[in-house]
Amino acid sequence: MRYPKFKSLISVLFCVISFASFTSSYSSSINTHRCSGSQTLALLHFKQNLSSFNSSLNSETGDTPSCQDWLGSSYYPITMNWNISTDCCDWNGVTCDHSTGDVTGLDLSCGMLQGSIHPNTSLFDLPHLKSLNLAFNNFTDSQLPPQIGKFSNSLTYLNMSGCNLSGRVPTEITLLSKLESLDLSGRFRSDLQTYILNNLLENSTSLEHLSLAFVNIFGALPTYINITSLISLDLISTGLEGKLPDNIFNLPQLQELDLLGNENLAGPFPTINTSTVTRLEILDISSTKLSGEIPDSISHLKSLNFLDLSYNKLNGSLPLWFKNLPSLEFISLDNNMFSGTVQFDSFPHRSLQFLSLSHNQFDGRIDVLDQGPILHTFRQLNNLYYLDLSFNNFRGEWELDTLLSSLPSLTMLILSRSGFSVLTNTVNRYANPGLFQMLVLTFCNLKVFPESLRAMKDLVYLGLSNNLIRGDIPEWAVEIGGNGLRILDLSNNSITGLPQRLWEGLEHMTLQSNTIQGPFPLSICSMSNLRYLDMSNNSFGGVIPPCVENVIVSAATINLGNNRFQGTIPDVYENCGKLEGLFLNGNQLEGEIPRSLSKCHFLKVLDIGNNHLNGTFPSWLGDLPNLQVLILKSNKLRGPVITSSTVESQFPSLLVVDLSYNEFVGELPRKYFQNFNAMKNVSENDTKLEYLESGGNYYSIVVVSKGVEQFISQVFIHYTILDLSNNRFEGEIPNIIGSLTSLIVLNISHNKLIGRIPLSLGKLSKIESLDLSWNQLTGEIPRSLADLTFLEFLNLSQNHLVGCIPQGSQFNTFEWNSFEGNEKLCGLPLPKKCEGPIKPRIEADEDEESGFTWKMVMLGYGCGTLFGMVIGYIMLTTRRVKWFNEIADVVEHMILKSRNKRRYSRNRK
């Protein structure tokens with residue numbers, strides 16, 4: 001009886017011994033296959049070549065929009081625990097194969113790394129690496145090394161997005177034939193040659209995800225793409241040209257296609273093979289040049305939930321097959337050329353959430369009134385939260401409260417310039433008013449301030465500009481949005497008054513072009529978050545209070561122009577580090593310009609014209625490196641315009657200078673002209689339209705151009721203007737003005753300028769408006785002015801010019817009044833004809849400015865070499881150039897008269 005028990009005990013002991021042996025063997029196996037020393041050293045050397053950065057991170061969370069938005073994670077110094085005392089497989093971001101001890105994965109994304117990835121970096125000494133993620137680090141001015149090809153037998157995942165890579169993507173990227181996911185997108189530009197892209201698409205037969213957003217490709221995609229495994233293709237803003245590949249929609253696994261921002265991608269939609277494309281969910285081909293109609297075959301993409309075809313050249317009527325796409329949530333067709341009517345029952349009722357049809361040519365009458373037929377359709381759009389029908393040609397009346405009650409999920413509504421007239425009543429009966437966030441009803445014939453707004457406690461953006469709203473804004477209006485209202489635009493109405501309390505959380509407030517009276521609202525001084533304030537073109541009066549300093553601290557633009565403010569400009573600019581635009585023009589302000597404005601180093605535009613300001617020219621404004629527009633016109637400023645001795649180069653960024661209608665004296669400020677670098681040498685190939693703006697708000701000014709006062713709603717950065725007219729400047733026009741080759745408008749009329757018109761003005765190749773009238777200029781009109789091909793307006797009237805008016809080019813288009821008041825001018829378009837044939841003229845060169853002219857040489861030649869040298873020496877040393885010029889003018893006139901008389905006598909014979 002004891003034997004069986006003994007046998008059982010032996011069995012148990014054997015099991016225990018076997019288990020212990022297995023455990024010991026397993027433990028030995030783990031210890032044997034840990035990270036090797038060579039791999040540890042390779043990683044440590046890679047770390048040493050880089051350094052950490054943290055200067056621009058949020059002090060509380062460590063987040064920046066890039067990492068948080070793109071990867072959903074935060075910046076973190078990921079290599080902090082990398083040291084030789086621990087196994088590298090335990091380091092942050094390192095993944096190992098424990099069965100072999102090989103490092104197979106590195107995820108250092110958002111790792112706060114910076115430096116360069118050198119070609120000889122030890123990173124490429126990890127032969128079994130399958131996954132490499134270095135996204136959102138700072139490898140500035142570094143490019144992907146060719147040694148990336150060393151991973152040809154292992155790498156399946158590579159993410160270098162947001163790394164600030166530059167330079168060319170190496171050819172060796174095509175050796176990574178096992179890649180399943182490749183992301184080289186970035187905010188800084190790198191280049192990928194077209195043939196490399198084509199080889200990559202041909203060789204990477206396992207590729208599922210490819211993102212090259214913002215990589216310069218500048219070429220066409222292959223006519224046929226043969227990666228049947230491709231799931232997502234992101235080629236945002238890569239400079240693609242030509243047409244889309246024939247089979248771009250026929251890749252069987254494709255779920256996401258994003259070609260946004262390829263402005264040279266043109267042509268119609270390619271054919272869609274509805275039998276193969278069944279999985280496409282996201283289609284974005286916005287901001288290209290696609291043309292034609294949307295093909296009906298898109299209706300077979302049953303999985304499609306996101307469709308963005310905005311900013312193209314598509315035309316035709318709106319398709320009716322949208323309702324056949326049961327998953328479609330997002331439709332954006334804005335900024336195209338679609339026309340015809342819009343049938344809202346053609347959209348998928350249950351799924352649709354976002355609909356934008358703005359900036360097209362849709363028309364037809366649609367009325368949204370109580371019990372109207374359209375309400376039944378709207379009530380089926382249960383999930384629609386965004387509706388934009390702005391900038392179209394619709395007709396009809398929309399009751400705001402009826403509309404909102406029919407679309408219970410709507411939170412954003414934009415009907416600006418849609419053609420609809422919006423009506424409102426005093427009944428708050430629509431569902432979920434607390435959800436509403438954006439309401440923009442510009443140019444909607446709205447006549448009253450809608451009381452239904454009172455219930456919108458979460459409203460962020462309210463735009464009611466360019467309507468017919470009259471009277472005072474009610475006191476309850478401050479309840480709109482609670483403390484969350486950020487943007488308020490009530491401009492271009494007939495509003496006469498504001499509530500006592502305003503919205504303290506506002507960041508953008510536009511009240512311009514109303515009839516609001518009274519003093520500066522002191523409640524504005526409590527708006528510590530205000531970035532943009534426009535109260536211009538009203539009837540505000542009194543003084544500007546010192547408490548405006550509270551706004552200046554945070555504001556980028558303050559516009560109080562064209563009101564009735566009096567007193568002095570508050571001297572509150574010690575802390576104005578964010579201020580970019582200040583407009584106090586068109587008031588009744590007095591006193592001197594406060595010197596503390598020199599603290600506003602980011603100031604781009606300063607317009608304090610049309611006031612009663614006095615004092616001398618504020619030369620200390622030349623310390624502002626970003627100042628691009630300076631308008632001091634129509635004040636009582638006096639004295640010479642002299643440079644400050646404290647700064648070597650003043651006003652280097654100025655584009656617009658208007659000092660007209662003041663009392664400035666002395667010579668024209670040639671030293672400033674030497675420093676106006678922004679007015680020189682604009683690139684001939686720079687055709688991109690760029691405007692002065694701050695936070696999306698464009699600056700507007702009033703200037704005199706082509707003889708009339710013009711309102712410029714958006715200041716084009718290459719529209720350069722120099723207006724020194726209606727002052728008391730004297731002396732000659734300096735040749736250095738001719739170096740301001742990008743000038744569009746030059747006006748130095750109504751001064752006391754003397755001497756000749758400089759030949760160098762013929763170098764102003766961009767000039768469109770030139771006004772030198774009402775001075776005391778002498779001599780002939782330089783032939784070089786006739787070669788200015790863009791010149792549309794010329795005024796040389798009321799001077800002492802002589803000789804024949806040059807013919808040809810633009811000069812043949814000017815009327816007689818461009819030259820009137822010069823008694824000794826002759827030739828078309830004046831009635832006075834020139835006597836005899838026009839003689840060839842030797843025009844003065846640019847040595848005139850130094851006082852050495854051809855007149856001096858001619859005078860010396862006529863009087864004898866020795867006498868001429870003495871005369872020349874006296875002219876240079878005594879600076880009596882003007883006196884001798886007058887003598888030369890008389891002599892030249894006598895010679896011309898004598899020649900004409902002899903020529904006339906010969907002709908009679």
* Asked: With distance as the sole criterion, is a donor-acceptor pair present between the side chains of D571 and S596 under 3.5 Å?
  -> yes
* To do: Please confirm whether the backbone N or O of S528 pairs with a side-chain atom of S554, one donor and one acceptor, at under 3.5 Å?
  => yes
* **Nearest heavy-atom neighbours spanning Y672 and S619** => OH-CB, 3.3 Å
* Asked: So, do L770 and L791 sit near enough that their side-chain heavy atoms are less than 4.5 Å apart?
  -> yes
* **For the student: nearest non-hydrogen atoms of P499 and P474, plus distance** => CB-O, 3.8 Å
* To do: For N467 and N445, indicate whether the former's side chain and the latter's backbone hold a donor-acceptor pair under 3.5 Å.
  => yes
* Working to the nearest 0.5 Å, report the span between CG of L485 and CG of L506. => 5.0 Å
* Asked: So, are E580 and K604 salt-bridged, with charged N and O less than 4.0 Å apart?
  -> yes
* Could you label the plane-to-plane angle of the F617 and F664 rings as parallel, tilted or perpendicular, counting under 30° as parallel and over 60° as perpendicular? => perpendicular
* To do: Side-chain contact test, heavy atoms from C-beta onward, threshold under 4.5 Å: evaluate it for L613 versus I569 and give yes or no.
  => yes
* **Contact summary for L724 and P669, nearest pair of heavy atoms** => CD1-CD, 4.4 Å
* Quick one: does N677's side chain have a donor or acceptor within less than 3.5 Å of a partner on P652's backbone? -> no
* Side chain W620, main chain L597, donor-acceptor under 3.5 Å -> no
* To do: State, to 0.1 Å, how close S705 and Q710 come at their nearest heavy-atom pair, and which atoms those are.
  => O-NE2, 3.2 Å
* To do: I would like to know whether K633 and V702 meet side chain to side chain contact (heavy atoms under 4.5 Å, CB included); could you show each step before the answer?
  => CA-CA 10 Å; K633 67 178 180 180; V702 176; 4.2 Å; yes
* Note, L772 side chain near I748 side chain (heavy atom, < 4.5 Å) -> yes
* Asked: Would you say the side-chain atoms of T442 and S465 include a donor-acceptor pair closer than 3.5 Å?
  -> yes
* Asked: Side-chain contact, heavy-atom cut-off 4.5 Å: R564 with Q588?
  -> yes
* Between CG of N563 and CD of Q512, what distance do you get to the nearest 0.5 Å? -> 11.0 Å
* N/O donor-acceptor pair under 3.5 Å between D771 side chain and S749 backbone -> no
* Within the distance-only criterion (no hydrogens, no angle test), does the side chain of E475 pair as donor or acceptor with the backbone N or O of Q500 below 3.5 angstrom? -> yes
* Asked: Counting heavy atoms not belonging to F602, are there more than 12 under 6.0 Å from its CZ?
  -> no
* Worked verdict on N575 versus I552 for side chain to side chain contact (heavy atoms under 4.5 Å, CB included) -> CA-CA 8 Å; N575 187 5; I552 290 174; over 6 Å; no
* Asked: Do the non-hydrogen side-chain atoms of V703 and D723 ever get within less than 4.5 Å of each other?
  -> no
* In sequence, state the C-alpha distance, the side-chain angles, and the governing distance for M527 and L533, and then conclude on side chain to side chain contact (heavy atoms under 4.5 Å, CB included). => CA-CA 10 Å; M527 297 180 179; L533 173 63; over 6 Å; no
* Asked: Among I757, L777, I754, whose side-chain contact (heavy atoms from CB on, under 4.5 Å) with E732 holds?
  -> I754
* Mark yes when over 12 heavy atoms from residues, nucleotides or ligands other than F449 sit less than 6.0 Å from its CZ; otherwise mark no. => yes
* Take atom CD in E504; do more than 12 heavy atoms of anything else shown fall under 6.0 Å from it? -> no
* Dump the intermediate steps for side chain to side chain contact (heavy atoms under 4.5 Å, CB included) on F819 and L794, then the final yes or no. => CA-CA 9 Å; F819 307 98; L794 175 69; 4.0 Å; yes
* Asked: Under 30°, 30 to 60°, or over 60°: which ring-plane class applies to H508 and Y532, parallel, tilted or perpendicular?
  -> parallel
* Asked: Can you check whether F651 reaches N675 side chain to side chain, under 4.5 Å on heavy atoms?
  -> no
* Closest heavy-atom pair and its distance - N538, M535 -> ND2-O, 3.1 Å
* Asked: If only atom types and distance count, is the side chain of D787 paired as donor or acceptor with the main-chain N or O of G762 below 3.5 Å?
  -> no
* Asked: So, N514 side chain and N493 main chain: donor-acceptor pair closer than 3.5 Å or not?
  -> yes
* Look up atom CG in D607 and atom CG in L584, then write down how far apart they are to the nearest 0.5 Å. => 8.5 Å
* Structure fact -> Looking only at heavy atoms, the pair that brings F540 and P519 closest together is CD2-O, 3.7 Å
* To do: Check W774, Y661, F729 against H750 for a ring-ring contact (aromatic ring centres under 6.0 Å, His included) and give me the one that passes.
  => W774
* **T515 side-chain N/O to I495 backbone N/O, donor-acceptor pair under 3.5 Å** => yes
* Side chain proximity check, I781 to L801, heavy atoms < 4.5 angstrom -> yes
* Asked: Between atom OG1 of T741 and atom NZ of K766, what is the distance when rounded to the nearest 0.5 Å?
  -> 8.5 Å
* Are the side chain of N466 and the backbone N or O of N492 linked by a donor-acceptor pair below 3.5 Å? -> no
* To do: Check whether any side-chain heavy atom of C600 lies under 4.5 Å from a side-chain heavy atom of L582, and answer yes or no.
  => no
* Atom CD1 in I767, atom OG1 in T789: separation rounded to 0.5 Å? -> 11.5 Å
* From CD1 (I608) to CG (L637), nearest 0.5 Å -> 7.5 Å
